[in-house]
Amino acid sequence: MERDVACELWRKAPQSGVKFSIYVGDDDSTTLADIKNKVSYGVEKWSDVVLQFLCQPNVGDPESLKQGLKNIIPHAFGEHTCCNVSWCGFKQNPVASKYTDLPNGKDLFGDSLKIALSDILDEYSTDIVVNKLTPHANSQRNESLNSTIGS
């Protein structure tokens, strides 16, 4: 439904003197492909921001965002030399620091786990992905509306 509605809106917009230039959405959807196939003018895709804590302070700064993404794995494994004080509890208070989202509040460990997680996150640290994230776009309201209409 989301894809059909988006394509119809984009296709009919010029009839009202409007041309949308940017589509914000999930990276795992086929909406953009349909828009590009059914709309006669150019469309730029921005990624829906999922990593709010990294993207917010890096709006418009792709290099800072890329560095922040690359710091996630070392941070989770207890390496805080490159962490930003604004979001790293260890940098703020090393004695009382405890992870809230990791088992028992402890650092992750194990070389094979670190390599596997790094390989996964490296896919999101490319220039292409980072440039799509830095505008700090968000489609949550659209998805909420679609869910309400669908139900």
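The basis for the numbers below is simple: all heavy atoms, side chains too, and nothing from hydrogens, waters or symmetry mates.
- Every residue two or more places apart in sequence or in another chain was checked for a ring pair (Phe, Tyr, Trp, His ring centres under 6.0 Å) with Y41, and none qualifies.
- Interatomic distance, C82 SG to K70 NZ, rounded to the nearest 0.5 Å: 11.5 Å.
- Taking the six-membered ring for Trp and thresholds of 30 and 60 degrees, H80 and F90 have nearly parallel ring planes, at less than 30 degrees apart.
- For the side-chain hydrogen bond (donor to acceptor under 3.5 Å, both in side chains) condition, the pairs that include at least one residue of residues 109-120, sequence neighbours left out, are E79-K114.
- The structure places NZ of K98 at 7.0 Å from NZ of K106, a figure rounded to the nearest 0.5 Å.
- Checked against side-chain hydrogen bond (donor to acceptor under 3.5 Å, both in side chains), D34 has the following partners two or more places apart in sequence or in another chain: R3.
- Residues that satisfy the ring pair (Phe, Tyr, Trp, His ring centres under 6.0 Å) test with F77, not counting sequence neighbours, are absent from this structure.
- By the 4.5 Å heavy-atom criterion applied to side chains, K66 and D127 are counted as neighbours.
- Using a 4.5 Å heavy-atom threshold, the side chains of Y99 and H75 count as touching.
- Residues S125 and L69 approach most closely at OG-CB, 3.5 Å, considering heavy atoms.
- Among L113, I115, L121, the single residue meeting the side chain to side chain contact (heavy atoms under 4.5 Å, CB included) criterion with L117 is L113.
- The side-chain hydrogen bond (donor to acceptor under 3.5 Å, both in side chains) search around E44 returns W46, not counting sequence neighbours.
- At most 12 heavy atoms of other shown residues, nucleotides or ligands fall within 6.0 angstrom of atom CG in N104.
- In plain terms, the two heavy atoms of G89 and S97 that are nearest each other are C-OG, 3.5 Å.
- By the neighbour-count criterion of 12 heavy atoms within 6.0 Å, atom NZ of K91 is densely surrounded, having more than that number from other residues, nucleotides or ligands.
- In terms of the side-chain hydrogen bond (donor to acceptor under 3.5 Å, both in side chains) criterion, E63 has no residue partners (sequence neighbours excluded).
- To the nearest 0.5 angstrom, I73 atom CD1 is 8.0 Å from I120 atom CD1.
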